[in-house]
Amino acid sequence: MPSSRLTQVRLGVTIHQHGLGPLLELQAGGFLDEVAAPTALAAPTTGLDVTGFSQGLAHFLATRWFQLRLLVAAMASGALIRSIAPLLQDKHRDPAVLLLDGSGCHLIPLLGSHGRQGDQLAAAMAAFRGGRVWRSGYSSGSGQLALDCFGSSLGWQRGPGDWDGLVKAFAQGQRMALVQESGSTSWRTTAAAARLQAAKDPLPPGETWLYVGHRAATGATAHWHPPVLWLGLGCERHTHPAVLEAVVEKSLASVHLAAAAVAGVASLDRKGDEPGLLALCQQRQWPLKVFTAAQLAAIPVPNGSPVVARQVGTPSVAEAAALAAAGGAAGTGAQLLAPKIVAHGERASGAATCAVALATTPWAPNRGGLDLVGSGPGALDQLTPAARSALAAATTWVGYGPYLDRLETLRAPHQLRLDGVLGKEQERCATALAMACQGQRVALVSSGDSGIYGLAGLALACWLDLPEQERPDFAVHPGISALQMAAARLGGPLMNDFCVISLSDKLTPWATIQQRLHAAALGDFVVALYNPRSQERVWQLQEARRILLTGRSSSTPVALCRQLARPEEHITLTSLGALESNMVDMLTLVLVGNSRTQCRGSWLMTPRGYAMDRTVESG
């Protein structure tokens with residue numbers, strides 16, 4: 001998926017004219033930062049932001065290689081390979097390289113499929129372009145979990161280990177044990193993780209096994225570290241950053257904890273502007289949370305100090321802050337792994353205390369994202385490219401079960417699916433947002449368009465309730481609404497002003513709905529009525545009909561559009577005078593024409609007002 005947090009350049013490059021179009025579309029979709037082509041091709045594209053190069057592709061790439069996070073090339077594979085071959089170092093330093101085929105739709109990951117997330121990026125771009133990914137790697141091609149990169153999509157940091165050996169052993173079908181101490185375990189329910197065998201304790205030397213958790217040097221073949229550790233830091237004013245760095249390292253090492261598992265730093269609010277503390281957080285890219293003295297004083301700690309209480313209003317800063325960050329303001333559920341230790345700097349460079357607490361829930365909103373996806377009316381061919389791309393890039397899908405069922409064939413083996421129930425929309429939004437705050441990319445799915453009677457508004461409200469630094473990425477990806485699908489099936493019913501009204505009074509008072517119906521009747525709008533009837537609501541449609549008849553005739557055309565773009569699709573044309581509640585259900589959209597809407601066979605047309613000769617000459 002497009003990301004708003006970039007540290008390196010995503011470059012698209014081509015050497016021929018027909019490669020420019022697809023690359024520019026990927027740039028417009030947010031997948032590329034820059035598109036480059038020979039100067040002769042770039043010059044005519046003034047205003048389209050194409051970088052020109054004049055000394056050949058190999059020379060141009062040599063000047064940009066070390067700046068790249070991603071290279072997407074639209075050209076012959078031989079030309080690309082010969083150009084990048086002299087630049088290659090190793091898979092830990094080279095960018096992801098994707099080849100875009102001649103159709104401009106299909107992609108082939110050539111380099112960085114795992115470590116640089118090339119497979120994931122290719123899947124999102126191919127979905128956006130309406131194409132496929134042609135994979136050559138074992139894990140991606142066979143639906144197995146990519147052990148050396150899957151944790152990144154969960155917001156984890158990769159630790160030390162023999163990753164090549166681990167991946168090779170897994171590919172050869174060897175028994176693969178997993179020990180997980182912390183972090184979300186939901187990923188283990190996916191089809192891709194089926195071959196991993198959970199173990200409670202570390203395995204003996206010589207065994208191949210994967211560790212997921214907060215500890216360092218466990219003896220595992222390789223390590224993934226979820227962001228579950230919180231550092232509580234206190235310090236004297238103007239303590240040097242080196243003193244803070246030293247106390248952190250000492251504290252983590254005292255109980256063999258991994259720095260890669262640190263979620264962030266917590267302290268007293270009066271330390272929120274401490275230069276050394278801010279420098280440490282910036283250098284290590286750790287967020288800083290601060291708490292008031294009253295909040296910290298309310299948390300029980302093993303090593304409180306009355307001296308500290310007299311000075312700052314709380315008997316503990318380091319331990320209480322670590323517990324507060326790890327378990328919420330009350331510290332509930334957090335575990336203190338490393339009690340406070342003290343470090344003194346030399347030559348009046350200050351002093352600092354540090355404690356470490358373990359959270360039950362990972363926290364890395366800066367690595368996660370919440371994508372609101374409109375899945376359209378139901379048919380996969382009606383999914384928008386943006387929606388397809390968001391679904392392909394997500395780690396987890398969250399949505400109402402029947403909506404996800406219609407998308408199931410698009411779900412990859414490594415993607416988790418969480419089904420919600422009707423009427424529990426707030427819980428669904430909260431679940432999706434919580435997972436995004438853990439560092440995952442989550443697709444929250446609505447039918448139709450998520451911004452039209454969908455979950456976009458509720459999810460946005462929940463997201464805005466979070467403090468700004470605690471918000472993951474947030475994006476809304478449009479879908480085709482039932483209204484648009486109905487208009488397409490009927491021909492031209494929305495050629496003039498129209499409005500959309502839901503007849504459900506669960507969230508909107510009926511008096512307000514009545515006002516809107518009267519206004520629609522007075523304004524002679526074409527009216528689309530959502531939620532016309534349910535098992536409990538059987539009379540609202542008849543009341544809506546009565547109100548609309550005050551402004552238009554009983555012969556006004558009405559279309560009853562049920563289950564659009566699904567196998568059960570059925571459209572009935574009737575009139576406003578003949579409309580009855582027993583003709584519809586919750587899966588029906590009722591489209592009521594205005595005073596000028598005409599019914600011609602199976603078509604509805606509302607004149608736009610053009611005054612022109614529409615005579616078509618034959619021959």
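We count residues from 1, following the sequence as given.
Under a cutoff of 6.0 Å and an axis angle of 45°, R195 and F170 form a cation-pi pair. For the pair R471 and W463, the cation-pi criterion (under 6.0 Å, within 45° of the ring axis) is fulfilled.
The distance between the ring centers of W224 and W163 falls below 6.0 angstrom.
Annotation: side chain of L257 is in contact with side chain of R215 (closest heavy-atom distance under 4.5 Å). At least one side-chain heavy atom of P160 sits less than 4.5 Å from a side-chain heavy atom of H225. Contact check for L372 versus L370: side-chain heavy atoms found under the 4.5 Å cut-off. Residues R116 and L70 are not in side-chain contact: their nearest non-hydrogen atoms beyond the backbone lie 4.5 Å or more apart.
At a threshold of 4.0 Å, the pair R428-D419 does not count as salt-bridged, since none of the basic side-chain nitrogens sits closer than that to a carboxylate oxygen.
Under the side chain to side chain donor-acceptor pair (under 3.5 Å) criterion, K91 pairs with D164, not counting sequence neighbours. Taking F60 as the reference, F53 meet the ring pair (Phe, Tyr, Trp, His ring centres under 6.0 Å) condition, with sequence neighbours excluded.
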For this session: Under the side-chain contact (heavy atoms from CB on, under 4.5 Å) rule, what do L296 and V312 come out as? Steps first, then yes or no, please.
Result: CA-CA 10 Å; L296 297 184; V312 298; over 6 Å; no
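The side-chain hydrogen bond (donor to acceptor under 3.5 Å, both in side chains) analysis of residues 239-260, with sequence neighbours excluded, yields the pairs E245-R284.
A donor-acceptor pair shorter than 3.5 Å cannot be found between the side chains of Y400 and E425.
The only option from L418, L391, L416 that meets the side chain to side chain contact (heavy atoms under 4.5 Å, CB included) definition with W397 turns out to be L391. When each of L11, D33, V35, V72 is paired with Q27, the side chain to side chain contact (heavy atoms under 4.5 Å, CB included) condition holds for V35 and for no other.
Within 6.0 Å of CD on Q426 lie no more than 12 heavy atoms contributed by other residues, nucleotides or ligands.
Classification of the W156-F150 ring pair by plane angle, with boundaries at 30° and 60°, yields perpendicular.
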